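Single-structure report; data block below.
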Amino acid sequence: MLDMKMIRENLENIRNMLKYRDVQFDLDLLLELDKKRREMIITTDELRKKKNEMSIKISEAKKAGSDATSIIQEMQSVSAELTKLEGVQQNTELEYTKLALTIPNLLDKSVPQGDSTANKEIRKWGDIPKFDFEVKDHIDISENLNLLELERAAKTAGARFYYLKGDLVKLNQSLIQFGLDFLSENGYTMFQPPYMINRNSMQGAVILDDFEDVIYKIEDQDLYLIGTSEHAMVSMHGNEILDGNSLPTKYAAISPCFRKEAGAHGKDQKGIFRVHQFEKIEQFVFSKPEDSWNQHENMIAITEEFFQKLEIPYRTVLLSSGDMGKISAKTYDVEVWMAGQNAYREVASCSNCLDYQSRRLKIRFRDKTNEDTQYAHTLNSTLVATERTMVAIMENFQTKDGHVNIPNALQKYMGKKTI
RNA sequence: GCGGGGGUCGCCUAGCCUGGUAGGGCGUGGGAUUGCUAAUUCCAUGUUCGCAAGAACACGAGGGUUCGAAUCCCUCUCCCCGCGCCA
């Protein structure tokens with residue numbers, strides 16, 4: 001959500017933002033509803049004022065023991081009128097809020113304009129592995145080594161599910177262990193969040209379209225499966241006034257992620273690259289506004305360092321205005337090399353959401369109790385999505401005789417050097 | 001799941017029985033006063049609308065009764081205590 005006052009004062013910027021994001025949004029309707037909403041507030045406030053004044057008169061009359069019948073009758077009619085107007089106001093408010101919740105976030109000025117072809121590679125690390133044999137993809141590798149049950153998963157759950165098996169289970173746990181150790185050493189506090197959260201929390205974290213395309217709902221309950229621990233982490237401090245001295249909070253969250261993947265039909269159909277359920281360690285930071293861009297750079301640096309330790313070649317991409325999520329003001333993606341696909345593929349995403357989520361969830365801070373509160377900034381970044389990372393490990397570290405070498409950093413967690 | 005007790009403006013708390021402008025303390029900021037440290041005292045300290053003056057709203061959430069609800073009634077929610085069930 002954006003500050004309505006700011007929208008009114010920066011109409012040109014907002015129109016440009018919508019254009020650059022290539023998003024259909026009825027800004028004129030929003031302005032109209034905002035105007036109507038404010039008018040309604042003024043009208044109903046005046047009636048309430050009248051009511052309050054009469055209430056005092058009634059009280060005084062009763063105390064004095066005189067007759068208050070005529071004032072009470074007058075107040076009855078004012079009350080009735082107010083009830084009627086409040087109904088109208090409530091409807092206006094609902095309409096306004098519904099629309100206001102769908103306007104995308106501002107864009108940082110460093111974001112390139114255009115669609116995904118305008119994405120900008122800003123860094124590249126590592127040498128692409130060369131093989132003197134025919135390279136296999138992770139599906140063939142895991143089949144040969146008996147590391148996945150894909151057909152049986154399709155039988156028991158459907159497409160885009162999997163059973164990890166044997167050493168792949170251990171590799172997954174090793175990545176998680178290593179990731180948590182790594183973030184702990186870098187001053188992060190670990191969290192394991194709820195995997196289901198209520199509608200209000202989810203609505204603060206995501207934009208409406210995501211409910212349809214991404215989020216699973218629990219039947220007959222006000223609960224939704226998180227699509228990422230970000231959803232549970234951002235709402236954790238909802239309706240709170242944080243102590244400014246505690247910022248930035250650096251949280252490391254580990255959780256499974258559940259995604260519908262609606263609209264991804266045909267893409268990455270096989271294997272464990274694009275699935276309905278995967279594990280992810282997330283960095284989540286609440287920061288002061290003046291510090292958030294600095295934090296954003298820190299977070300992407302941490303993620304890059306992690307993949308360097310895993311010896312996986314990657315490139316870091318600054319997403320263009322048309323390719324970003326609507327809640328983010330600026331996003332870096334990390335794409336790692338996947339030898340089986342002969343391509344860089346997305347494994348991590350690092351976003352600064354400014355005060356967009358904080359406004360929705362009322363996450364504020366102040367340094368001293370008599371100061372005005374400010375909205376905190378929220379930032380999220382993948383540290384590691386383990387299933388995708390295992391695809392990269394299997395494909396990049398495969399050997400001629402069909403085995404997979406374990407990256408140095410993971411060997412002590414795996415207790416072996418090769419699968 | 002059952003029974004009991006709770007949720008009040010950052011924190012603590014009064015008010016609820018008996019409906020009539022939500023009070024006090026702490027913390028924080030500012031002013032005044034007194035040789036100093038300190039003490040004392042006054043003002044400010046939530047949200048929304050408004051350029052402002054000001055006004056409205058706010059007692060866990062949502063309904064209801066009433067001219068009027070923190071207060072009475074209903075539903076939900078979270079916390080605490082006891083019992084039950086349970087990995």
Side-chain angles (χ1 to χ4, degrees), chain A residues 1-10 30-101 192-204 218-224 232 235-247 249 256 286 288 355 358-376:
Chain A
M1 200 183 283
L2 296 174
D3 179 6
M4 197 59 221
K5 207 179 253 172
M6 182 277 292
I7 294 179
R8 270 181 257 141
E9 286 161 7
N10 294 279
L30 183 69
L31 291 168
E32 193 188 311
L33 286 171
D34 167 56
K35 195 174 164 215
K36 193 174 165 199
R37 169 179 174 266
R38 285 183 292 142
E39 283 167 1
M40 287 303 303
I41 287 172
I42 291 169
T43 326
T44 50
D45 271 8
E46 271 165 13
L47 271 180
R48 288 200 189 96
K49 184 184 175 187
K50 208 163 148 190
K51 225 177 111 171
N52 287 341
E53 285 165 357
M54 275 191 276
S55 183
I56 291 167
K57 275 188 204 162
I58 293 170
S59 169
E60 280 167 355
K62 289 213 165 176
K63 268 182 206 157
S66 57
D67 181 37
T69 319
S70 69
I71 310 178
I72 288 177
Q73 272 171 2
E74 197 188 337
M75 183 129 157
Q76 271 169 339
S77 74
V78 174
S79 275
E81 198 190 341
L82 180 61
T83 307
K84 211 167 68 191
L85 279 174
E86 275 174 338
V88 181
Q89 189 197 356
Q90 238 171 45
N91 284 339
T92 312
E93 197 80 31
L94 275 174
E95 248 185 293
Y96 162 78
T97 308
K98 201 175 154 195
L99 187 62
L101 279 171
Q192 186 176 302
Y195 301 160
M196 294 175 247
I197 60 176
N198 62 33
R199 171 146 195 125
N200 187 54
S201 300
M202 192 59 93
Q203 192 166 268
I218 305 295
E219 196 175 3
D220 297 331
Q221 304 255 335
D222 179 28
L223 286 172
Y224 298 80
S235 42
M236 184 170 79
H237 287 311
N239 280 315
E240 287 184 27
I241 299 173
L242 301 169
D243 177 3
N245 300 309
S246 70
L247 302 179
T249 63
F286 294 90
K288 292 187 181 181
D355 62 8
S358 292
R359 278 180 191 282
R360 294 173 157 233
L361 289 160
K362 294 197 173 62
I363 302 164
R364 294 155 296 168
F365 76 91
R366 62 180 166 204
D367 291 326
K368 286 174 181 157
T369 53
N370 69 319
E371 281 181 355
D372 282 346
T373 57
Q374 291 184 65
Y375 287 106

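Throughout, protein chains are lettered first and strands after them, A, B, ... in sequence-line order, and every chain is numbered starting at 1. All values below come from the heavy atoms of this structure, side chains included, with hydrogens, waters and symmetry mates left out. Keep in mind it's a predicted model, so treat the numbers as computed, not measured.
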For [N], take OP1 and OP2 only and decide whether either is under 4.0 Å from a side-chain N or O of [X].
X: A:Arg48; N: B:A55; result: no
X: A:Thr373; N: B:G10; result: no
X: A:Arg366; N: B:G10; result: no

Residues A:Asp243 and A:Asn245: side-chain donor-acceptor under 3.5 angstrom: yes
What's the gap between [N] and [M] when it is taken at their [atom1] atoms, as a whole Å value?
N: B:A69; M: B:G62; atom1: C1'; result: 15 Å
N: B:G4; M: B:A39; atom1: P; result: 49 Å
N: B:G23; M: B:A70; atom1: P; result: 13 Å
N: B:G25; M: B:C79; atom1: P; result: 33 Å
N: B:U75; M: B:G1; atom1: P; result: 14 Å
N: B:C2; M: B:C72; atom1: P; result: 23 Å
N: B:G60; M: B:C9; atom1: C1'; result: 14 Å
N: B:A14; M: B:U8; atom1: C1'; result: 10 Å

From [atom1] of [X] over to [atom2] of [N], roughly how many Å is that when rounded to an integer?
X: A:Glu93; N: B:U47; atom1: CD; atom2: P; result: 17 Å
X: A:Asp372; N: B:G29; atom1: CG; atom2: P; result: 15 Å
X: A:Lys5; N: B:U48; atom1: NZ; atom2: C1'; result: 10 Å
X: A:Arg37; N: B:U48; atom1: CZ; atom2: P; result: 9 Å
X: A:Phe365; N: B:G10; atom1: CZ; atom2: P; result: 17 Å
X: A:Lys362; N: B:A58; atom1: NZ; atom2: C1'; result: 12 Å
X: A:Lys49; N: B:G68; atom1: NZ; atom2: P; result: 20 Å
X: A:Leu82; N: B:C67; atom1: CG; atom2: P; result: 15 Å

Quick one: pull up [atom1] in [X] and [atom2] in [Y] and give me the separation to the nearest 0.5 Å.
X: A:Arg37; Y: A:Leu30; atom1: CZ; atom2: CG; value: 10.5 Å
X: A:Leu101; Y: A:Arg359; atom1: CG; atom2: CZ; value: 12.5 Å
X: A:Asp222; Y: A:Met202; atom1: CG; atom2: CE; value: 10.5 Å

Should A:Asp45 and A:Lys49 count as an ion pair when the cut-off is N to O under 4.0 Å? no
Are any of the side-chain nitrogens in A:Arg48 or A:Glu86 under 4.0 Å away from the carboxylate oxygens of its partner? yes
If you count heavy atoms of other groups shown closer than 6.0 angstrom to NZ of A:Lys50, is the number above 12? no
Take atom CE of A:Met75 as the centre, draw a 6.0 Å sphere, and report whether it contains more than 12 heavy atoms from other residues, nucleotides or ligands. yes
Please determine, for [N], whether a Watson-Crick or G-U wobble partner exists with both distances under 3.5 Å, and give it or none.
N: B:U18; result: none
N: B:G3; result: B:C81
N: B:U75; result: B:A61
N: B:G54; result: B:C49
N: B:U66; result: none
N: B:U28; result: B:A44

Donor-acceptor contact below 3.5 Å, side chain A:Ser55 vs main chain A:Lys51: no
Short heteroatom pairs, N/O only, protein and nucleotides 11-21 of chain B, under 3.5 Å:
from, atom 1, to, atom 2, distance (Å)
B:G20, O2', A:Ser59, OG, 2.7
B:G20, O6, A:Lys62, NZ, 3.2
B:G20, N2, A:Ser55, OG, 3.3

Whichever of A:Ser79 and A:Met4 has the more 5' nearest nucleotide on RNA chain B, that residue is A:Met4
Most 5' of A:Asp45 and A:Ile241 on RNA chain B, judged by nearest nucleotide: A:Ile241
When we call it a touch if two heavy atoms are under 4.0 Å apart, what does A:Asn52 touch: a base, just sugar-phosphate, or nothing? sugar-phosphate
